[in-house]
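Structure first, then comments.
Here is how names work: the chains are called A, B, and so on, in the same order as the sequence lines, proteins then strands, and each is numbered from 1.
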2 protein chains.
Amino acid sequence: MLTIGTLGKKTGTKVQTIRYYEQIGLMPEPERTEGGQRRYGHAELDRLAFIRHSRQLGFSLEAIRELLDLSDDPDRPCHEADSIARRQLKQIEQRMERLEALRTELERMVHECSGGNTSDCRVLEVLRDHSECLTDHEDIGA
Amino acid sequence: MLTIGTLGKKTGTKVQTIRYYEQIGLMPEPERTEGGQRRYGHAELDRLAFIRHSRQLGFSLEAIRELLDLSDDPDRPCHEADSIARRQLKQIEQRMERLEALRTELERMVHECSGGNTSDCRVLEVLRDHSECLTDHEDIGA
DNA sequence: GTACACCCTCTACCTGCTAGAGGTTCAAAG
DNA sequence: CTTTGAACCTCTAGCAGGTAGAGGGTGTAC
């Protein structure tokens, strides 16, 4: 039986975060001591490790919820999990493309900076004048 | 004199967002009609365009605030703006590296999926077992 | 002179946590 | 057995960067 702190250390998760996962229903309500403290077993450790690893791979908590549901039911077809993963992969590829475009533009900006005063700063000029912007990224990839 | 809606259309910004920028002090308080509706001129249009373009390049609102301050004062040295841009470039490069690692891992995951049931799904298995994870990304690049 | 699109403020919500206040429990040391 | 002190508890509020909706007022074109 692990305390919440130990569970946190084993999985690299802050205590608050574990309680938060419980609150939103990603983690189950664990057993409690007489005094009301949480105690965890192996199942919970595995589940939290799954969640953390998925988060590291960039899955949203909603996607993780779906993956956990699938994982809980061994008879459902694998392609559901596969398609969640592919969706995630696609999102990452899109973000990378956008970042690539941003990088190009930023590089151009800083390389053209001559080093005078802000009145003739290339960086500010480029930001001011959108028409110099070649790419048409709609929104930042956050 | 532009209404807030027109300003929004010209800059690709939602009306609520413009009011939000005003609230946090990024946009100035504009003139009002007798009835209390906002009316904007050229200066505000330019300023909002600057903000939006900077956002598209991934600058934080705080960074944009700094850039706007610099932009308002033509005598300050250019290298301040330049260093903000370089900082931004660095962040983007870091995010890209992290995403690249994630992509590799996700690709491996989906390519190994055989297509059976979730009980022997590669995707879920990989997520379950962190030890198969080769990279050591500490946190997702958001 | 009225229809109706647009504007106003205010509050709450989103994701994915994190921090702090103020109080309780557990386990080990004396 | 008692005491210390780290770790636990709940609750509320905050971060970025907005978005959505309620409930009501305005501006303008026909």
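In this structure, B:Ile4 atom CD1 and C:dC6 atom C1' are separated by 11 Å, rounded to whole Å. Computed from coordinates, the B:Tyr20 OH to C:dA12 P distance equals 17 Å when rounded to whole Å. Taking atom CZ on A:Arg38 and atom P on C:dC26, their separation rounds to 13 Å, with Å as the unit. In this entry the distance linking CG of A:Leu48 with C1' of C:dG16 reads 14 Å, nearest Å. As rounded to whole Å, 12 Å separates atom P of C:dC14 from atom CD of A:Gln23. Separating the CD atom of B:Glu29 from the C1' atom of C:dT9 is a distance of 14 Å, rounded to the nearest angstrom. Going from atom CG of A:Leu26 over to atom P of C:dT15 covers 11 Å, rounded to whole Å. Atom pair A:Glu62:CD and C:dC14:C1' shows a separation of 12 Å (rounding to whole Å applied).
Salt-bridge check for A:Arg47 with A:Asp72: passed, with a basic side-chain N closer than 4.0 Å to an acidic carboxylate O.
Across A:Leu106 and B:Leu57, no two heavy atoms sit closer than the pair CD1-O, 4.2 Å. A:Ala63 and A:Ile84 make their closest contact through CB-CG2, 4.1 Å (heavy atoms, listed as atom of the first residue, atom of the second, distance). When all heavy atoms of A:Glu44 and A:Pro28 are compared, the closest pair comes out as CG-CG, 4.1 Å.
Within the 4.0 angstrom heavy-atom criterion, no nucleotide atom of any strand lies near A:Ile24.
Summary of the strand contacts: A:Thr33 and A:Thr17 both lie near DNA chain C, and taking for each the nucleotide with the nearest heavy atom, the more 5' one is attributed to A:Thr17. The residue among B:Ser60 and B:Gln16 whose nearest nucleotide of DNA chain D lies closer to the 5′ end is B:Ser60. Nearer the 5' end of DNA chain C, as judged by each residue's closest nucleotide, is the contact made by A:Tyr21, out of A:Gln37 and A:Tyr21. Projected onto DNA chain D by closest heavy-atom contact, B:Lys14 and A:Arg19 fall at different nucleotides, the more 5' of which corresponds to A:Arg19.
Residues B:Leu68 and B:Ile51 form a side-chain contact, since some pair of their non-hydrogen atoms from C-beta on lies under 4.5 Å apart. Looking at B:Thr3 and B:Arg38, their side chains never come closer than 4.5 Å, going by heavy atoms from C-beta outward. In this structure the side chain of B:Arg65 never reaches within 4.5 angstrom of the side chain of B:Ser60, judged on heavy atoms.
Where DNA chain D meets chain B (any atom under 4.0 Å from a heavy atom), the bounding nucleotides read 5' to 3' are D:dG17 to D:dG27.
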